[in-house]
Amino acid sequence: MDAVPDAILQCVLSRITNARDVSSCNCVSKRWKDSTPYVRTLYFPRSSFDSPSSSEGADNVIKRMVSRVVKLEELIVYSPFSPDGLASWLSLVGHSLLQLELRMDNLNDNQGSRESPSKLDYVGFAKNLESLKLWGVLMVRTPNWDVFPNLKNLEIIGAKFEDPVLSAVLHSCPVLTRLLLLGCEGVRSLSIELPCLEQCKLDFYGMGNCSLSLTSPKIESLEVQGCSWIRVPETKHLRKLSISNTAGRVYMVDFGSLSALEFLCMRGIQWCWDAICKMLKLASEVKHLYMKVEFTGDYDALQPFPEIDFVDFFNSHQKLQKFDIHGAMFAALCQKNSLKHVDSGFVIPFLEEVVITVRSPLNAEQKMSTLESLLKYGKSLRSMVIKILEMKSCHSSADDFFDEICRFRYMNHNIVRIE
């Protein structure tokens, strides 16, 4: 290393990110110490100050290290810190920071969250950020932020919100292209208008009765969990869509044209049948369809899916390449009238993979007929996986049905697999 030119040494050391390692480099030699100010990223893990070697506080250690860096571009702090400590670091390096990630740990700090200025307020010192990630944050008061003119990526994981506060936060980030809100509580109604947004993932805790309105003409990927009412009018670029509600019901979906959609995932305990039909109709160009909805029915009435005509369904989804069917949807395709009128020219042209989850031995004959039809008409089918969950039946019909599936698998072992 002594023979390495200074420029190369600085380049090597600038790729060290862990704060402990950077600190160790300072002790190697004066030449190494003179090179460490050229690091671009400082990362302080959760355990950074579990065994302090001196009485100096964590806030002061972090401040001393960031103050030695010429142009810090990324700062990641998972170790505990105070509002004053954060203010002191960001006042030094906020102008150069492009990426900031903080573990706030103030979800239960109701008193501290109403103090002014707060930790969130000081984040506004880093006005040139391109990426901001916050973990475990309580947002019951609108942070004192100006507009972040360059912020493209915002991730908030584990948070409690008030609706107006979240709206104000998003209003401060007008050029976002990626938004991720995971494990967030307190949201009841959210309206998002972000003209540059391309990727959005929203995961709301609670009763599953949130309402969402999203207006983003460039949106390409959207994942929503915990909403009962969803409205997304501008969707001509949307390629990936996932809607899930594990705590509540999906009552209404209102989307624009889904002509570019390639992947659709529908999950949840209960969806209104109108919402299911609307999504299946809009997603006529989809290539990968994943359906795991247990029941339909309005309000408290849990009802099974009505019959879905096998031929009509695949004629309406000509481009389908992969189909994941769980329980209720498979049963709906297996009704006795579904395969009565099959035109001689009917074919499923592009279907290559099918994953089927079977939960009940009821209507075993129709289910076997549907499995056989998938093989018969799926001219491009390469793989069929049949997943058999623990069947809630002590009757011998469950054993007979399983024997039939095993026989079916044996006769088509090059395509069919049982899990």
Side-chain angles (χ1 to χ4, degrees), residues 208 225 228 241-251 253 263-281 283 286 288-314 316-317 320 322-339 348 351 353-375 378 381 383-395 397-406 408-409 416-419:
Q225 203 291 127
S228 291
L241 174 61
S242 176
I243 303 174
S244 174
N245 197 334
T246 57
R249 304 172 181 86
V250 177
Y251 290 114
V253 289
F263 172 80
L264 172 62
C265 176
M266 302 164 62
R267 300 171 62 101
I269 301 298
Q270 183 182 5
W271 281 50
C272 288
W273 186 241
D274 286 346
I276 293 175
C277 290
K278 189 168 186 179
M279 289 307 307
L280 291 177
K281 183 177 180 181
V286 73
H288 183 182
L289 176 60
Y290 184 103
M291 284 202 65
K292 189 180 178 182
V293 179
E294 305 291 345
F295 299 98
T296 182
D298 298 331
Y299 303 103
D300 294 331
L302 295 175
Q303 299 176 356
F305 282 24
E307 180 177 345
I308 297 176
D309 187 270
F310 183 92
V311 176
D312 287 348
F313 175 82
F314 284 103
S316 300
H317 299 85
L320 197 60
K322 184 175 181 180
F323 192 15
D324 289 77
I325 328 169
H326 185 98
M329 181 66 180
F330 180 58
L333 284 169
C334 296
Q335 299 298 319
K336 62 178 65 177
N337 297 319
S338 188
L339 289 164
I348 308 173
L351 189 63
E353 299 179 52
V354 179
V355 180
I356 302 167
T357 301
V358 183
R359 302 189 60 182
S360 168
L362 296 176
N363 301 319
E365 184 178 347
Q366 285 80 25
K367 289 178 179 177
M368 292 307 304
S369 177
T370 301
L371 292 175
E372 292 166 359
S373 297
L374 285 168
L375 283 183
L381 196 64
S383 171
M384 176 185 289
V385 178
I386 304 174
K387 297 181 178 181
I388 302 177
L389 299 187
E390 184 177 353
M391 294 188 179
K392 299 177 181 179
S393 174
C394 298
H395 197 270
S397 62
D399 294 332
D400 294 340
F401 181 41
F402 184 73
D403 288 342
E404 286 294 320
I405 291 179
C406 289
F408 175 73
R409 186 260 177 197
V416 180
R417 188 172 80 250
I418 298 176
E419 293 184 356

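This structure is a prediction, so every number in the text was calculated from the model and none was measured.
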Side-chain heavy-atom pair Phe408, Asp403 within 4.5 angstrom cut-off: no
Student check: side-chain heavy atoms of Ser369 and Lys367 closer than 4.5 Å: no
Side-chain heavy atoms of Leu381 within contact of Val354, under 4.5 Å: yes
Euclidean distance, Trp271 CH2 relative to Asn245 CG, rounded to 0.5 Å: 8.5 Å
Pairing residues for Arg409 by the side-chain hydrogen bond (donor to acceptor under 3.5 Å, both in side chains) criterion, not counting sequence neighbours: none
Heavy atoms of other groups near Glu365 CD, more than 12 under 6.0 Å: no
side-chain contact (heavy atoms from CB on, under 4.5 Å) evaluation trace for Leu241 with Val286: CA-CA 10 Å; Leu241 174 61; Val286 73; over 6 Å; no
Heavy-atom side-chain contact between Trp273 and Gln303 under 4.5 Å: no
Minimum-distance pair of heavy atoms, taken over all atoms of Ala247 and Gly208: CB-N, 4.1 Å
Any Leu374 side-chain heavy atom under 4.5 Å of Phe310 side chain: yes
Residue from His317, His288, Met329 passing side chain to side chain contact (heavy atoms under 4.5 Å, CB included) with Phe323: Met329
Interatomic distance, Ile386 atom CD1 to Glu419 atom CD [nearest 0.5 angstrom]: 10.5 Å
Residue pair Val253 / Ala275: nearest heavy atoms and the distance that separates them: CG2-O, 3.7 Å
Intermediate values then yes/no, ring pair (Phe, Tyr, Trp, His ring centres under 6.0 Å), Phe330 and Phe305: CA-CA 9 Å; Phe330 180 58; Phe305 282 24; over 10 Å; no
Thr296-Gln270 side chain donor-acceptor pair, cut-off 3.5 Å: no
Closest heavy-atom pair and its distance - Phe313, Ile308: CB-CG2, 4.1 Å
Close side-chain approach of Met266 to Ile243, heavy-atom, < 4.5 Å: no
Any Phe402 side-chain heavy atom under 4.5 Å of Glu404 side chain: no
Between CD1 on residue Ile325 and SG on residue Cys334, distance to nearest 0.5 Å: 8.0 Å
Nearest-0.5 Å distance, CG of residue Asp324 to NZ of residue Lys387: 7.0 Å
Closest approach of Ile276 to Val293 (non-hydrogen atoms, all atoms of both residues): CD1-CG1, 4.3 Å
Euclidean distance, Ile405 CD1 relative to Asp400 CG, rounded to 0.5 Å: 11.5 Å
Closest non-hydrogen atom pair, Met279 against Leu264: CE-CD1, 3.9 Å
Nearest atoms (heavy-atom pairs only) where Asp312 meets Ser316: O-OG, 2.8 Å
Any side-chain heavy-atom pair of Ile356 and Leu371 under 4.5 Å: yes
Between NZ on residue Lys322 and CZ on residue Phe263, distance to nearest 0.5 Å: 8.5 Å
